[in-house]
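In the text below, chain A, chain B and the rest are named by the order of the sequence lines, each starting its count at 1.
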There are 2 protein chains.
Amino acid sequence: MDPKTQARFAARARIVKALAHPTRLFLVDQLARREICVCKLTEMVGADISTVSKHLSILKAAGIVADEKRGNQVFYSLSCPCLLDLFDCVESALKTTAQKQLALVK
Amino acid sequence: MDPKTQARFAARARIVKALAHPTRLFLVDQLARREICVCKLTEMVGADISTVSKHLSILKAAGIVADEKRGNQVFYSLSCPCLLDLFDCVESALKTTAQKQLALVK
DNA sequence: TTCCTATTTGGTAATATAGCCAAGTTCTCA
DNA sequence: TGAGAACTTGGCTATATTACCAAATAGGAA
């Protein structure tokens, strides 16, 4: 693999890695609908606020979400709505796998 | 997060995690075009064959690729072509990020 | 100021991942 | 059979990730 190709796939992997966690996928899913503050997201996730904050910072570093401070709250939102299609992709991948397993059992 | 929601996002995360590595993204990209044997993939990647084999087994466990033994070679192929759209998603996410950074510099 | 809420950051321990080498398996072909 | 090619698996070390707690920072209200 030449250096340029390697760099391209490393860049892609950075994005995908940022999404590779159940909580972070959930956060992206919620933020797709509206902006939400860390406080509320923490409540929805049900983990320590520091944990949720770190997940959000990982998504932010990858350019997937954006944050905006208002008062003493920080609101996050999806900065890259196109990534929503990714859910459909993954979802249909899951279905394909499930159907294959079903076929084996039948 | 209720158990059902948690399970749904955990399932999605399993798929995304399987893709969250430069080498594995490269493998999927190559396999999208045609089936290829481990031997050839190893040559393309430029790592130890055991390393490539393990990456392939991770993709296989996630239901992303399928393998077929023919003679003493094992051919892998994409079992879920829909995942190719995912590349476009990630690619446009990269572009969005890049454009924002460019705007900051200007 | 002082307290309180919202959030981030640092530290730490447990767990997961990655890559190589070595050993085992399977198949082909002499 | 035996040698060798193609893969996979086990083992090991190095590195990365995760989640929590505790401490630090920032803003709003009394």
Side-chain donor/acceptor contact of S50(A) with base of dC21(D) under 3.5 Å
yes
Below 3.5 Å, can you tabulate the donor-acceptor pairs from side chains in residues 18-31 of chain A to any protein atom, sequence neighbours excluded?
from   : atom 1 : to     : atom 2 : distance (Å)
H21(A) : ND1    : T23(A) : N      : 3.1
R24(A) : NE     : A18(A) : O      : 2.6
R24(A) : NH1    : H55(A) : ND1    : 3.0
R24(A) : NH2    : K17(A) : O      : 3.4
D29(A) : OD2    : R33(A) : NH2    : 3.0

Report yes or no: is there a donor-acceptor pair, N or O only, under 3.5 Å between the side chain of K69(A) and the base of dG28(D)?
no
What verdict does the salt bridge (Lys or Arg N to Asp or Glu O under 4.0 Å) test give for E35(B) and R70(B), after you've listed the backbone C-alpha separation in whole Å, the side-chain angles of each residue and the deciding distance to 0.1 Å?
CA-CA 12 Å; E35(B) 59 164 34; R70(B) 284 209 296 277; 2.4 Å; yes
For DNA chain C, whose closest nucleotide is more 5', that of N72(A) or that of T51(A)?
N72(A)
Categorize K60(A) for me: base, sugar-phosphate, or nothing, with a 4.0 angstrom heavy-atom threshold over every strand shown.
nothing
Side-chain N or O of R70(B) less than 4.0 angstrom from OP1 or OP2 on dA6(D)?
no
Give a yes or no answer on whether the side chain of T51(A) reaches the backbone of A47(A) with a donor-acceptor pair at less than 3.5 Å.
no
To the nearest Å, how far apart are Q6(B) CD and dA19(D) C1'?
14 Å
Within-4.5 Å side-chain heavy-atom neighbours: V38(B) and Y76(B):
yes
In whole angstroms, the gap separating C1' of dA26(D) from CD1 of I49(A) amounts to 13 Å
Below the 4.0 Å mark, does dA19(D) have OP1 or OP2 next to a side-chain nitrogen or oxygen of H21(A)?
yes
Give a yes or no answer on whether the side chain of S57(A) reaches the backbone of K54(A) with a donor-acceptor pair at less than 3.5 Å.
yes
Test R12(A) against I15(A) for side-chain contact (heavy atoms from CB on, under 4.5 Å), laying out the working first.
CA-CA 5 Å; R12(A) 289 181 180 183; I15(A) 305 273; 5.8 Å; no
Using whole Å, what does the distance between atom P of nucleotide dA5(D) and atom CG of D48(B) come to?
16 Å
Does a side-chain N or O of K40(B) approach OP1 or OP2 of dA6(D) to a distance below 4.0 Å, or not?
no
Gap between atoms CZ and P, on F9(B) and dT18(D) respectively (whole Å):
17 Å
Whole Å only: how far is the NE2 atom of H55(A) from the C1' atom of dT17(D)?
10 Å
Give a yes/no on whether any side-chain N or O of Y76(B) is located under 4.0 angstrom from OP1 or OP2 of dT8(D).
yes
Rounded interatomic separation in angstrom, taking CD1 from I58(B) and C1' from dT8(D):
13 Å
Please examine the side chains of L56(B) and L41(B), heavy atoms only from C-beta on, and report whether any two atoms are closer than 4.5 Å.
yes
Where chain B begins and ends its contact with DNA chain C, read 5' to 3' at 4.0 Å from heavy atoms:
dT17(C) to dT28(C)
Starting at atom NZ of K54(B), determine the distance to atom C1' of dA6(D), rounded to an integer number of angstrom.
16 Å
From CG of L19(A) across to P of dT17(D) the rounded distance in Å is 14 Å
